[in-house]
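Contents: one structure, followed by commentary.
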Amino acid sequence: EPEVPSFIASKVSQYSCQRKTTLNNYNKKFTDAFEIMAENYEFKENEILCLEFLRAASVLKFLPFPVTRMKDIQGLPCMGDRVRDVIEEIIEEGESSRAKEVLNDERYKSFKQFTSVFGVGVKTSEKWYRMGLRTLEEVKADKTLKLSKMQKAGFLYYEDLVSCVSKAEADAVSLIVKNTVCTFLPDALVTITGGFRRGKKIGHDIDFLITNPGPREDDELLHKGLLLYCDIIESTFVKEQLPSRKIDAMDNFQKCFAILKLYQPRVNNSSYNTSKNFDMAEVKDWKAIRVDLVITPFEQYAYALLGWTGSRQFGRDLRRYATHEKKMILDNHALYDRRERIFLKAGSEEEIFTHLGLDYVEPWERNA
Ligand code: 8DG
Ligand code: MN
Ligand code: MN
């Protein structure tokens, strides 16, 4: 029996920023079910129940052993009745009937398809669903719909974008981005953030943080270059404004949710060469890849790095911890101490953890 003597359930923090969560998940069958439940609540715009299941998933991802009896979750935080019901059923039946119902639910299935398109969120899905649309085929066939520029690109490169990005692809794109950025800004720092910085082997996109030490002259950077699709969002950051208190704060950096054209060496497959229809031009030798490019002023780099490294849940808990345990406000730009009425400067992630009175958590331990 997997018994971990040093493990004390009642000492587990309710905040994932006080836990170390690696990619080694012993409780995937539970956390998968929770994430389906959470996503369904997200589609219903029920933030409270969505977060309840995401927090529970995050606690079980942290457990150093698989849950096999209800006793195993005794004393753990974030285990409300709804969560316990799902756990109990999975222990007894091997699966959750509630999660299964969600997977078969018409509305969930439609929203899942719709939101898989780049540029389509819950709001657009809601609109399409109310119009009676149920599948992506129906959406594509409806010529009265006015798609945004982003959504048009999402449909155009759909197949490439739903197939995930590998670590090798991320490394290849990283070289291209670094080279391109450095031709414009030789001193610029380009860092991969997001899931790949946390050690994930696949992702839905590649996240980059770009900063230029010294005088600011980086506004032009995103406006030039190699992008298939790029919708640039201008920086709206106002100096001295208080950090945002929103739980899922969008930041005000100049950023670009882009699609990059990654050329891939053609596999020399002999069946192509003997084919009657062989035509070099018809073989697609590139893949569309989703890339997030975020430009940050050098003084805010550590905060931006912490925010964009994620995970989303880890970030939410950092902000919740700052607000409720420290009377501070944290976002991707700054940390504000409400008691002292000062902004706390940080040149590294370590310093931000220190400001918050937290033990440092490595990026690969932030997979909450
Ligand atoms: P994945 O791409 O492998 O699926 O996972 P990920 O890398 O963890 O997720 P992500 O959606 O790419 O987001 C990376 C981190 O960036 C995540 O922790 C949340 C954070 N983030 C912000 N601001 C914004 C924003 O405006 N949009 C998005 N999508 N993510 C943001 O701090
Ligand atoms: Mn990502
Ligand atoms: Mn991203």
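This one's a predicted model, so the numbers in the text were calculated from it and none came from an experiment. In listed order, ligands and their atoms are each counted from 1.
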> Are any of the side-chain nitrogens in E106 or R134 under 4.0 Å away from the carboxylate oxygens of its partner?
Replying inline: yes
> How is the N/O/S atom of D207 that comes nearest to the Mn ion (ligand 2) named?
Replying inline: OD2
>> I'd like the name of whichever of R198, H204, R197 reaches closest to atom 1 (P) of ligand 1 through any heavy atom.
In response: H204
>> Closer than 3.5 angstrom, by distance alone: can the side chain of R107 be matched with the main-chain N or O of F43 as a donor-acceptor pair?
In response: yes
> Which option, R316, R290, R312, owns the non-hydrogen atom nearest atom 19 (C) of ligand 1?
Replying inline: R312
> Looking at G203, which atoms of ligand 1 are within less than 4.0 Å of one of its heavy atoms?
Replying inline: 3 (O)
> Testing D171, I202, V165, D207 for side chain to side chain contact (heavy atoms under 4.5 Å, CB included) with F196, which one passes?
Replying inline: V165
> Which atoms of ligand 1 are found less than 4.0 Å from any heavy atom of G194?
Replying inline: 7 (O)
> By atom name, which N, O or S atom of D292 is the nearest to the Mn ion (ligand 3)?
Replying inline: OD2
>> Taking only non-hydrogen atoms of G315, do any sit less than 4.0 angstrom from ligand 1?
In response: no
> At a 4.0 Å threshold, what atoms of ligand 1 neighbour a non-hydrogen atom of G310?
Replying inline: 18 (O)
> Salt bridge between E349 and R366, side-chain N to carboxylate O under 4.0 Å?
Replying inline: yes
> Do NZ/NE/NH1/NH2 and the carboxylate oxygens of K112 and E39 come within less than 4.0 Å?
Replying inline: yes
>> Given W308, F257, F196, identify the one with the heavy atom nearest to atom 15 (C) of ligand 1.
In response: W308
> Any donor-acceptor pair under 3.5 Å linking the side chain of N27 with the backbone of F65?
Replying inline: yes
> What about D207: any of its N or O atoms under 3.5 Å from an N or O on ligand 1?
Replying inline: yes
>> Go through it in stages, so that I can follow the logic: the residues are D251 and W308, the test is side chain to side chain donor-acceptor pair (under 3.5 Å), and I'd like the CA-CA distance, side-chain angles, deciding distance and then a yes or no.
In response: CA-CA 10 Å; D251 53 51; W308 277 89; 2.8 Å; yes
>> Do L103 and I87 sit in one hydrophobic cluster, given that two such residues count as connected whenever their side-chain heavy atoms are within less than 4.5 Å of each other, even indirectly?
In response: yes
> Which ligand 1 atoms does D251 reach within 4.0 Å, using its non-hydrogen atoms?
Replying inline: 23 (N)
> Are any side-chain N or O atoms of R290 and backbone N or O atoms of H204, one a donor and one an acceptor, separated by less than 3.5 Å?
Replying inline: no
> Which ligand 1 atoms does K200 reach within 4.0 Å, using its non-hydrogen atoms?
Replying inline: 1 (P), 3 (O), 4 (O), 5 (O)
> For ligand 1, which atoms have a heavy atom of N332 less than 4.0 angstrom away?
Replying inline: 22 (C), 23 (N), 32 (O)
> Among G195, A170, S311, which residue places a heavy atom closest to atom 6 (P) of ligand 1?
Replying inline: G195
> Of all the N, O or S atoms in D205, which one sits nearest to the Mn ion (ligand 2)?
Replying inline: OD1
> Under the 3.5 angstrom rule, does the side chain of D72 hit a backbone N or O of T68 as a donor-acceptor pair?
Replying inline: yes
> What atoms of ligand 1 come within less than 4.0 Å of a heavy atom belonging to D205?
Replying inline: 2 (O), 12 (O)
